[in-house]
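The structure displayed is predicted, hence computed values, not measured ones. Below, chain A is the first sequence line, B the second, and so on; all start at residue 1.
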Protein chains: 2
Amino acid sequence: MGGTPPDFESLLLLTLVAELGSLGQAAERMGISQPAASKRLAMLERRLRLALVDRGSRGSALTTEGKAVCQWSERVLAEVGSLMAGVAALRADQDDDLRVASSMTLAEHFLPHWIGALRQRSPDVRVSLRVTNSEQAAAMATRGEIGMGFIEAPAVPPGLSSRQVGADRLVVVVAPNHPWARRRLPVEPDELARTPLIVREPGSGTRETLERILTGIDVEPARPLMVLDANAAIRAAVVAGVGPAVLSVITVREELTEGRLLEVPVAGVDLHRRLRAVWPKGRRLTGSAEELLSIASRRRRMGATSVRES
Amino acid sequence: MGGTPPDFESLLLLTLVAELGSLGQAAERMGISQPAASKRLAMLERRLRLALVDRGSRGSALTTEGKAVCQWSERVLAEVGSLMAGVAALRADQDDDLRVASSMTLAEHFLPHWIGALRQRSPDVRVSLRVTNSEQAAAMATRGEIGMGFIEAPAVPPGLSSRQVGADRLVVVVAPNHPWARRRLPVEPDELARTPLIVREPGSGTRETLERILTGIDVEPARPLMVLDANAAIRAAVVAGVGPAVLSVITVREELTEGRLLEVPVAGVDLHRRLRAVWPKGRRLTGSAEELLSIASRRRRMGATSVRES
DNA sequence: TGAGGTAATAACCTGCAGTTATGGGTGGGA
DNA sequence: TCCCACCCATAACTGCAGGTTATTACCTCA
């Protein structure tokens, strides 16, 4: 029905045609011949069953549909670019200028963009990225093994300087067929504490934050229902109906908006938390570390103002 | 250096391996043979120069790097899914259940996701999408040609019911080398009105909003510096240093965070505006229109709370 | 009218991605 | 203990997508 998705090169070609106004120039920019570009674009139009470009003898312009597809393609290509930036950073070579470690939540949603932005500004800076959890990242920063860490722990570990680079909120989520989905009243903290949950491994910032919240209650917390070492795996388990979990809202945004997961309100506790960049206290930040920090901080301001209500 | 980007199928395969824990099962899910999946994954690892999965004789699990790449892949695939949903909706067949028209800004950033979410819930609903500008979309709704329109005009046109589905803000943007980039004081509205700007064509919601703001000032507005019919084209022109423009913050978020564009503060005027769904007044919404509206409204709530500061 | 730009077509070549067939390895159940 | 079930990798073959060069057709402008 929908047909096979197009490949990246075709999408890139489309955006280049939009930018340059000519198939031949777009081909040259991509390092392929003009007939190859022509065939590719024809193929793309056939696959999508849409007329994307108006070919005139004085250049080519996108149709209305072409413009829309082009805009959407740019979003895809931006994600691909982030992925490639992240991949490049994961390939930890020995001769890197800046070593970074990050918790999973931050690595999943922010670091590739930040690293990509840094690479775009200073293309010859080599950044390496290690993905662990908040505890490990903080420890590596304390030991000076890395130039900067990104964590979501509730408190800044001693011996580290920090700066906030964002904020998020924990949410209790359940599958739509879970009993809690039909509750009218919010869940009380002690009830949450007594309920077996799907959680991350100890040391994860998400789990630490959760436990810190629940220790305020004088109730023996229930043993975990299941322990998984990846947010995505927990998400899948909750969707599959295994049980409730507490996750960052950023990791389940898509599922919430599409109704695959439901948020259960919790009474009386503040589940907001800060995302922080940390580095060894007293150490002067290098140029690239400074730059990465400024990118991360700026992103925070933008994200907050971009989609605010009313 | 970075190498060629991988194809969608390989990324999808990786996510399926993560989900199913087995290469063979992932292959089956994709409708290919097990050796094909094995080769694909080996190819992917070679291309990225990363070990992504640990192959055991009792199944396969992702490595740490594999998990990170998998998470980033899911983001890419989500965008691809939106693109394909949008493409399917652009292919306006005759036998569609719900016709939608949308302004460019909304079509670029929101509608594919909403339509994709709708398709995911009700797979057999056929939605068609027409991308125009706010004026045209409102007119089509008034004439009853479409079931629902999405506009960002400052006021709701008469004869239409409406519901807010989001909000954004206009920003004055310039290239980093523009004189305004070094201003200390905000631009006054009358100065903005006297300055030739790069703008959209008349009828665009962005332009209408801008003109409504500037008509409050008793200054003869300057003639446009350039008129372009796509936000992306204006963005490119501003980046290239042609001159200042006023755009939705959502269309230039990436450029702002990466420093390719700078926001110039404006004194004394409120540049926030509402994004609205509209439909013919008095008409009862069909089931799919109702569903789309609820998806759009829910997304608004989520977007606002997901990345709020402190 | 010719020159310089546009894009499409034809004929050919390469190689990637798919297939089936096969073999090595490990763990659980009879 | 042994065998079977399931995991994955390799080998040999095939087809087609995607590239190339060479050529043609078209429009516009000087």
Side-chain angles (χ1 to χ4, degrees), chain A residues 2-63 65-67 69-70 73 77 80, chain B residues 2-63 65-66 69-70 73 77 80 84:
Chain A
T4 52
D7 52 317
F8 298 113
E9 284 80 8
S10 301
L11 300 183
L12 176 59
L13 177 63
L14 183 66
T15 65
L16 287 176
V17 170
E19 183 186 340
L20 301 172
S22 147
L23 254 170
Q25 288 178 43
E28 189 186 16
R29 184 75 74 89
M30 286 188 68
I32 63 177
S33 68
Q34 174 266 321
S38 175
K39 238 186 350 178
R40 262 214 125 101
L41 202 54
M43 184 70 159
L44 180 64
E45 290 183 301
R46 220 187 50 200
R47 280 231 273 253
L48 302 185
R49 286 187 290 160
L50 280 176
L52 298 175
V53 314
D54 278 329
R55 282 91 159 162
S57 65
R58 196 68 197 144
S60 298
L62 299 200
T63 63
E65 290 80 17
K67 283 177 201 160
V69 174
C70 177
S73 297
L77 293 171
V80 172
Chain B
T4 51
D7 51 317
F8 297 115
E9 283 81 8
S10 301
L11 301 183
L12 177 59
L13 177 63
L14 182 67
T15 64
L16 287 176
V17 170
E19 183 186 340
L20 302 172
S22 147
L23 254 169
Q25 288 179 42
E28 188 185 16
R29 184 75 73 90
M30 287 187 68
I32 62 177
S33 68
Q34 174 267 320
S38 176
K39 239 185 353 178
R40 262 213 124 99
L41 202 53
M43 183 69 159
L44 180 63
E45 290 183 301
R46 220 186 51 200
R47 279 231 273 255
L48 302 185
R49 286 187 291 160
L50 280 176
L52 299 176
V53 315
D54 278 328
R55 281 92 160 161
S57 66
R58 198 66 197 148
S60 299
L62 299 200
T63 63
E65 290 79 15
V69 174
C70 177
S73 297
L77 293 171
V80 172
M84 293 309 287

Visitor: Could you check how far CZ of A:Arg46 sits from C1' of D:dG18, rounded to whole Å?
Guide: 12 Å

Visitor: Is there a side-chain polar atom (N or O) of A:Arg55 under 4.0 Å from OP1 or OP2 of C:dT6?
Guide: no

Visitor: Please check if the side chain of A:Ser38 supplies one atom and the backbone of A:Gln34 the other of a donor-acceptor pair under 3.5 Å.
Guide: no

Visitor: Distance check needed: D:dT20 C1' versus A:Glu28 CD, whole Å only.
Guide: 16 Å

Visitor: Got a second to check how far A:Leu44's CG is from A:Leu50's CG, nearest 0.5 Å?
Guide: 9.0 Å

Visitor: In whole angstroms, how far is the P atom of C:dA17 from the CZ atom of B:Arg40?
Guide: 6 Å

Visitor: Rounded to whole angstroms, how far apart are CG on A:Leu44 and C1' on D:dG18?
Guide: 14 Å

Visitor: Could you tell me the separation between the CG atom of A:Leu62 and the P atom of C:dA7, rounded to a whole number of Å?
Guide: 12 Å

Visitor: Taking A:Pro5 as the fixed residue, which of B:Val80, B:Asp7, B:Leu12 is the one that meets the side-chain contact (heavy atoms from CB on, under 4.5 Å) rule?
Guide: B:Val80

Visitor: Please indicate whether A:Glu9 has more than 12 foreign heavy atoms, meaning atoms of other residues, nucleotides or ligands, lying under 6.0 Å from its CD.
Guide: yes

Visitor: State which of D:dC7, C:dT9, D:dC8 makes the closest approach to the side chain of A:Ser38.
Guide: C:dT9

Visitor: How close or far is atom C1' of D:dA9 from atom CG of B:Asp54, stated in whole angstroms?
Guide: 16 Å

Visitor: Could you tell me the separation between the CG atom of A:Leu41 and the C1' atom of C:dA7, rounded to a whole number of Å?
Guide: 11 Å

Visitor: Is there side-chain contact between B:Arg29 and B:Gln25, with heavy atoms separated by less than 4.5 Å?
Guide: no

Visitor: Over how many whole Å does the gap from A:Met43 atom CE to C:dT9 atom P extend?
Guide: 15 Å

Visitor: Return yes if some donor-acceptor pair links the side-chain N/O of A:Thr63 with the main-chain N/O of A:Ala51 below 3.5 Å, else return no.
Guide: yes

Visitor: What one-letter contact string describes nucleotides 19-30 of chain C from 5' to 3', where B marks a base within less than 4.0 Å of any protein heavy atom, S marks contact via sugar-phosphate atoms alone, and - marks no contact?
Guide: BBB----S----

